[in-house]
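All remarks here apply to the structure that follows.
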Amino acid sequence: MMKIVVLDGYTVNHGDLSWEALEALGDVVIYPRTSADELVERSKDADILLTNKVVINSDAMALLPCLRYIGVLATGYNVVDTEGARARGICVTNIPAYSTDSVAQMVFAHILNITNRVGHYAWQNKDGQWSRSEDFCYWDTPLHELAGKTIGIVGLGNIGMKVAMISRVFGMDVFAYTSKHSASLPEGIQKTTLEGLYGVSDILTLHCPLTDKTKGMINAGTISKMKRGAILINTGRGALVNEKDIAEALESGQLGGYGADVSEQEPPLLSNPLLGAPNAYLTPHIAWATSEARTRLMQIAVSNVKAFMDGMPVNVVNR
C-alpha cells in the first residue's frame, strides 16, 4: 500500500469536506500545515505527496528516496521544482480549471463593490446613517453602472474568457490582450495590444500567469497610461503589480479603485501600503475557496492520484 502524505490540508479542507476517497487509495497522513523544517521528516517514507503551498524543491526531493508523485492542490505549480522532479522520475500534476466560475465571480464581486459601494453603505447603515436620512435614500460616493463601460482583460485563459462572457451580459465593451488569434475569439471580444488596453479600459483585470515578463507589469509607468479613475482588479498573482505604485495611484486619484484577492506576500505585512490606501479592497486569497470549487479540487486530486497508481497519469505538468 502506498503512503500518501498531505502536507497542508487545512486550506483545502477546513473540516467541511471528506478525505475518505483519498484514504481509500492508500495509507494517508494529513497535516493541516507543514513548515519547511518539517517537510523532509514528514515526507521521508511517502510515495505520494500532496501540497498546496508547501514548497518542494530539488534539495528536498534528493532526501526523499521513496517519492514518486507530487500532486499540487492548485492550478499553479510554481511551488514545485518540476524540472528537478522530472530528472528524478517524479510525476507532478496539478488541478486545472476547477475554480473558473468561483474566481470569475470574485472578479465581479470586487467590481460591483467598487462601482456600487455595497460594503460601504451596509456598514454605514449599521451605524444608523440611512435611518437618520431626511430622504428615502442617500449616497455620499459616486455610483456607476457597468453597461457601456470598457473592460480590458489581460489573458484569455479559462478565467479570463469567463470574465469576458459575463462582461458581455452586463453590456460592457470587451477588449483583451491575448496570444489567441483574433479570428478565433468569440463575437464581442476585441483583441488589442497592452498599450491599447491601458488606454481604453475603464476597468482592467489581470488573468495572466506570473512570469519574469509579467512581474510588476502594473506600475507607475503603466498606470500613467491608463484612464484617470480607472479600476484595477487582480485575482491572479500579487506580484503582477507594484503595490507601492498602486497605493500612490489610489492616493492621487489616478486609479479609482483596486480590488485584489492576492498580495505579493501572503499573508501581507501590516505595513503593506495597500491596507491603508483609499479605495483599495483586498480579500484574503479566497476566490478559489468556495465549497463547490474545493469539492471539485478534491475530486480531481483523488482522480489524479488514482490515474497515477493505474499507470496512466493525467494533468501532468513535467512530462
Side-chain angles (χ1 to χ4, degrees), residues 102-153 163 166-175 197-206 218-220 222-236 238 240-264 267-287 289-290:
S102 292
V103 177
Q105 180 175 310
M106 179 62 85
V107 169
F108 279 91
H110 276 291
I111 290 173
L112 293 170
N113 180 56
I114 293 170
T115 57
N116 292 71
R117 303 300 172 109
V118 174
H120 167 75
Y121 290 107
W123 279 110
Q124 276 200 350
N125 293 336
K126 285 180 180 291
D127 291 333
Q129 186 72 26
W130 191 11
S131 300
R132 292 189 295 269
S133 175
E134 294 181 341
D135 305 301
F136 75 95
C137 66
Y138 82 94
W139 63 93
D140 58 4
T141 67
L143 302 171
H144 300 283
E145 65 180 31
L146 296 181
K149 298 293 189 297
T150 296
I151 188 168
I153 303 173
V163 169
I166 297 171
S167 300
R168 293 287 295 154
V169 175
F170 271 106
M172 303 181 77
D173 296 321
V174 181
F175 285 76
L197 209 61
Y198 296 143
V200 302
S201 299
D202 297 300
I203 300 170
L204 183 69
T205 180
L206 308 179
I218 306 299
N219 52 54
T222 51
I223 293 169
S224 69
K225 300 174 183 178
M226 295 171 65
K227 291 183 178 181
R228 183 170 178 83
I231 294 167
L232 177 64
I233 306 296
N234 184 8
T235 56
L240 292 172
V241 310
N242 181 307
E243 294 179 333
K244 180 176 178 291
D245 290 354
I246 297 291
E248 291 177 355
L250 290 167
E251 291 282 356
S252 71
Q254 176 62 23
L255 280 180
Y258 180 58
D261 190 53
V262 288
S263 178
E264 185 170 4
L269 297 175
L270 290 174
S271 59
N272 187 307
L274 289 172
L275 295 179
N279 300 320
Y281 304 93
L282 275 64
T283 47
H285 207 143
I286 54 172
T290 62

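- Evaluation of the salt bridge (charged side-chain N to carboxylate O under 4.0 Å, His left out) test over residues 108-131, restricted to residues two or more places apart or in two chains, returns none.
- Within the 4.5 Å cutoff, the side chain of Thr283 has heavy atoms near those of the His110 side chain.
- Heavy atoms only, all atoms of each residue included: Gly256 and Asn279 are closest at O-CB, 3.4 Å.
- Around the CG atom of Leu270, the shell of radius 6.0 Å holds no more than 12 heavy atoms that belong to other residues, nucleotides or ligands.
- One finds the CD1 atom of Ile218 at 10.0 Å from the NZ atom of Lys225 (value rounded to the nearest 0.5 Å).
- Ser133 pairs by the side-chain hydrogen bond (donor to acceptor under 3.5 Å, both in side chains) definition with nothing, not counting sequence neighbours.
- By the side-chain hydrogen bond (donor to acceptor under 3.5 Å, both in side chains) test, Asp173 is found to be paired with no residue, residues two or more places apart in sequence or in another chain being considered.
- Legend: residues meeting side-chain hydrogen bond (donor to acceptor under 3.5 Å, both in side chains) with Asn242, ordered by chain and number and at least two apart, are absent.
- Of all the heavy atoms in Asn113 and Gly119, the pair that sits closest is OD1-N, 3.2 Å.
- Residues that satisfy the side chain to side chain contact (heavy atoms under 4.5 Å, CB included) test with Thr235, not counting sequence neighbours, are Val103, Met106, Val107, His207, Ile233, Asp261.
- Taking Asp140 as the reference, His120, Tyr121, Gln124 meet the side chain to side chain contact (heavy atoms under 4.5 Å, CB included) condition, with sequence neighbours excluded.
- By the side chain to side chain contact (heavy atoms under 4.5 Å, CB included) test, Asn272 is found to be paired with Glu243, Ser263, Pro268, Leu274, Leu275, residues two or more places apart in sequence or in another chain being considered.
- Screening Ile203, Val200, Leu204 against Thr150 for a side-chain contact (heavy atoms from CB on, under 4.5 Å) leaves a single residue, Val200.
- Residue pairs meeting the side-chain hydrogen bond (donor to acceptor under 3.5 Å, both in side chains) criterion with at least one member in residues 246-259, sequence neighbours excluded, are Asn234-Tyr258, Lys244-Glu248.
- Remark: Tyr281 engages no residue in a ring-ring contact (aromatic ring centres under 6.0 Å, His included) (not counting sequence neighbours).
- With hydrogens and angles ignored, the 3.5 Å screen pairs no side-chain donor or acceptor of Asp245 with any backbone N or O of Asn219.
- Remark: side-chain polar atoms of Trp123 are not paired, donor with acceptor, to backbone N or O of Val118 under 3.5 angstrom.
- Residues passing the side-chain hydrogen bond (donor to acceptor under 3.5 Å, both in side chains) test with Asn116, sequence neighbours excluded: none.
- Scanning for salt bridge (Lys or Arg N to Asp or Glu O under 4.0 Å) contacts around Lys227 gives Asp202, with sequence neighbours left out.
- Here the closest non-hydrogen pair linking Ile114 and Gly257 is CD1-C, 4.2 Å.
- Partners of Val174 according to the side chain to side chain contact (heavy atoms under 4.5 Å, CB included) rule, which considers only residues two or more places apart in sequence or in another chain, are Ile151, Ile153, Ala164, Ser167, Arg168, Ile189.
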